[in-house]
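All figures in this text were calculated on a predicted structure; none of them were measured in a lab. Below, chain A is the first sequence line, B the second, and so on; all start at residue 1.
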2 protein chains.
Amino acid sequence: MVGSKRDRRSGVTLEMVALRAGVSRATASRVVNCSPRVSAQIRLDVERAIADLGYVPNRAARTLVTGRTGSIAVVITEPSGRLFSDPFFPRLLRGASGVFSARDLQLVLLMPSSREEAERTGGYLTAGHVDGVLTASLHGNDPLPARLFKADVPLVLVGRPPRGISVSYVDVDNRQGARSAVEHLVACGRRVICTIAGPADMAVGIDRLAGYREAIAEAGLPVDRRLEAYGEFTQEGGAAAMARLLAARADIDGVFAASDLMAAGALSVLAEAGRRVPADVSVVGFDDSLVATSTSPQLTSVNQPIEEMGQEAARLLVEAVDDRSRAIRSVTLATSVVERASSARRSSP
Amino acid sequence: MVGSKRDRRSGVTLEMVALRAGVSRATASRVVNCSPRVSAQIRLDVERAIADLGYVPNRAARTLVTGRTGSIAVVITEPSGRLFSDPFFPRLLRGASGVFSARDLQLVLLMPSSREEAERTGGYLTAGHVDGVLTASLHGNDPLPARLFKADVPLVLVGRPPRGISVSYVDVDNRQGARSAVEHLVACGRRVICTIAGPADMAVGIDRLAGYREAIAEAGLPVDRRLEAYGEFTQEGGAAAMARLLAARADIDGVFAASDLMAAGALSVLAEAGRRVPADVSVVGFDDSLVATSTSPQLTSVNQPIEEMGQEAARLLVEAVDDRSRAIRSVTLATSVVERASSARRSSP
DNA sequence: TTGAAAGCGATACCAA
DNA sequence: TTGGTATCGCTTTCAA
């Protein structure tokens with residue numbers, strides 16, 4: 001690596017502080033680290049020297065000996081758009097950052113937006129820049145978990161890990177959530193219920209689809225693959241999927257979308273197609289995010305406690321960083337259906 | 001700092017690589033750093049050892065000697081909401097990240113959401129975790145620039161720095177942009193033109209307001225402080241300001257808002273008040289973001305090349321990191337008015 | 001081309 | 001309570 005000659009940082013070292021305060025480096029270090037084994041007078045002397053010189057501990061040196069960096073990375077591997085358009089992430093971050101803050105850990109956000117960048121990010125994380133990694137929205141083929149595991153970097157996922165990967169995680173019961181949504185549609189008297197599923201390589205996508213199928217089967221409704229369409233977790237993805245579904249089965253009277261954003265896309269397509277919601281078609285989303293209350297009609301949606309997921313994940317990660325036991329822990333939170341205007345009992349036929 | 005006993009990282013060191021390859025640490029280091037002064041055979045041996053052992057260089061150790069970390073921080077100090085709701089930031093990041101990527105620098109995003117967190121973040125940055133800092137949306141009283149300057153950490157701002165701070169920056173000509181907007185309204189035959197200004201402690205806010213005043217004066221229109229209202233750069237801020245303005249002067253026929261989001265808020269208030277846009281009132285926003293084309297009617301807006309700002313800022317920062325000359329550089333980009341449906345020539349009176 | 005060895009700045013052990 | 005010093009993992013002269 002490059003590194004032009006001697007371009008040392010501003011350069012106040014502990015050595016200089018010690019010299020100025022007339023003590024040894026060891027003692028100065030004790031003051032910096034708030035050790036109780038320092039006399040009051042000396043503590044004052046050193047503190048003044050620190051202030052006079054504007055001393056700031058060099059993290060690299062400290063990290064080298066302690067093995068700790070005092071920072072945690074949150075990694076969001078998404079094609080850039082989603083991080084900012086999906087309200088999921090800010091809520092997750094809000095939940096997590098509170099926990100890290102309380103532990104005086106600096107949260108740094110990494111958002112590789114291409115395979116190449118993801119590669120570099122992996123290097124950054126395994127090189128010891130952070131004490132632990134929190135990641136959300138993982139795709140099935142992402143090599144990151146294995147790489148971090150090998151490098152012994154603590155990792156916690158938000159969302160169930162893909163098959164074959166064992167790692168700590170926090171998730172909501174997506175399967176049960178999806179079932180509740182479909183059961184709600186059935187209770188509304190819907191008989192031709194389709195689903196707009198998330199990407200087939202993401203656990204959330206898979207689980208919500210599984211829940212949908214279970215509920216359909218249990219309700220004794222015929223299973224029909226033409227009632228299932230996949231899409232990205234975006235408004236556009238939802239719209240495109242809805243259009244395909246309508247083309248395949250014109251008699252659809254219920255829609256379960258795997259996210260509110262997708263449901264919003266579906267609503268716009270239904271409106272264009274002249275279907276009234278909820279009179280002709282009832283729609284249920286997932287997330288119960290702000291989006292749910294800004295569509296027209298407002299969305300019935302499966303609520304998931306996102307801030308809480310962030311908190312729990314952060315807590316799990318902090319534990320893992322502290323004890324380094326490599327134990328796998330997981331937390332699953334419950335969901336609930338929040339009813340709004342987009343779903344209603346079918347008017348008597 | 002804590003640091004439980006010997007909890008060393010996974011622990012493949014260069015020493016171990018050297019041993020396995022049967023060479024000295026120095027030679028192994030040369031291979032890792034792609035030095036040309038290594039024989040082909042030895043290079044192969046060492047590379048195999050690296051692969052076998054899964055060696056990853058320890059960043060802390062390397063940083064300690066080179067003074068470089070290979071990463072750059074982008075700091076957004078906002079009460080959390082704005083980062084995700086304002087399309088400005090994703091665009092800025094997209095522009096900047098391309099440049100950093102090309103230089104193999106890892107971009108880390110820091111978003112302190114309270115004074116306390118901002119304090120910690122300052123510590124993180126001055127402790128040598130990153131080679132340089134890019135920051136946007138700086139408020140006048142933010143102590144960060146001074147702190148970084150003292151610690152000799154390269155810094156580039158997006159947006160003109162507050163008075164009294166000298167630092168490199170990239171900005172658009174906000175003053176001229178605002179003038180063009182107002183001139184456009186005047187050309188539309190508007191005579192009672194108000195402005196929804198940004199926060200008075202932010203340079204963008206100040207500059208756009210100044211441009212507004214200049215244009216009003218030049219057009220020979222009476223200056224009236226009741227035609228100026230301040231607000232946050234949010235939809236709510238814009239709505240509240242518009243409501244106050246209408247209450248103070250019912251005869252308003254032109255609105256210049258300092259951001260599209262604010263203009264969107266203004267549009268909703270105007271609609272509620274029964275004012276037709278653009279027939280009764282013409283509205284011009286600032287940013288020419290996606291928001292501008294999703295309002296109804298679509299917004300006439302001042303375009304600013306945000307991706308380009310991000311690129312230029314990143315370029316400036318990379319330069320500063322490389323030569324460490326502490327020279328202050330700045331780049332100012334031009335704006336242009338993009339006409340849409342929210343502004344139109346007044347129908348003959 | 002290769003190796004030996006001197007740091008980089010801080011922590012933590014062992015004596016005093 | 002204090003100081004001396006080995007050590008962390010790597011880069012980089014300086015000799016060989």
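- Here the closest non-hydrogen pair linking A:Leu92 and A:Ile306 is N-CG2, 3.6 Å.
- No cation-pi contact links A:Arg120 to B:Phe100, judged by a cut-off of 6.0 Å to the six-membered ring centre and 45° from its axis.
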Show each protein N/O and nucleotides 14-16 of chain D N/O combination with a separation under 3.5 Å, one pair to a line.
none

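- Residue pairs meeting the side chain to side chain donor-acceptor pair (under 3.5 Å) criterion with at least one partner in residues 306-315 of chain A, sequence neighbours excluded, are A:Arg91-A:Glu307, A:Arg94-A:Glu307, A:Gln311-A:Arg315, A:Glu312-A:Arg315.
- Every residue was checked against the ring-ring contact (aromatic ring centres under 6.0 Å, His included) condition with B:Tyr169, not counting sequence neighbours, and none meets it.
- Here the closest non-hydrogen pair linking A:Ser166 and A:Ile328 is O-CD1, 3.7 Å.
- A cation-pi arrangement, defined by a distance under 6.0 Å to the six-membered ring centre and an angle within 45 degrees of its axis, is absent between B:Arg20 and B:Tyr55.
- With respect to the salt-bridge test (charged N to carboxylate O, under 4.0 angstrom), the residues B:Asp152 and B:Arg147 do not qualify.
- In the region residues 41-54 of chain A, proximity to DNA chain D at under 4.0 angstrom, judged on heavy atoms, holds for A:Ile42.
- Contacts with DNA chain C (heavy atom under 4.0 Å) in residues 20-29 of chain B: B:Val23, B:Ser24, B:Arg25, B:Ala26, B:Thr27, listed by number.
- Remark on the helix from C:dT1-D:dA16 to C:dA16-D:dT1: inter-end axis angle 40°, axes from five-pair C1' superpositions, rounded to 10°.
- The distance from atom CG of B:Leu53 to atom CZ of B:Arg48, rounded to the nearest 0.5 Å, is 11.5 Å.
- Nearest heavy-atom pair, A:Thr63 versus B:Ala60, reported as atom, atom and distance to 0.1 Å: CG2-CB, 3.7 Å.
- The interatomic distance linking A:Leu19 (CG) with C:dA10 (P) rounds to 14 Å, in whole Å.
- Taking atom CG of B:Asn33 as the reference point, atom C1' of D:dT13 lies 15 Å away to the nearest angstrom.
- A:Arg62 places its CZ atom 18 Å from the P atom of D:dG9, with the value rounded to the nearest Å.
- Note on A:Ser39: a side-chain N or O is less than 4.0 Å away from OP1 or OP2 of D:dT2.
- Close to D:dC8, at under 4.0 Å from its OP1 or OP2, lies no side-chain N or O of B:Thr13.
- Between A:His129 and A:Tyr124, the angle of the ring planes stays under 30°, which puts this pair in the parallel group of the 30/60° scheme.
- For C:dC8, the OP1/OP2 oxygens have no side-chain nitrogen or oxygen of A:Asn58 closer than 4.0 Å.
- Counting to the nearest Å, the P atom of D:dT7 and the CG atom of B:Leu14 are 18 Å from each other.
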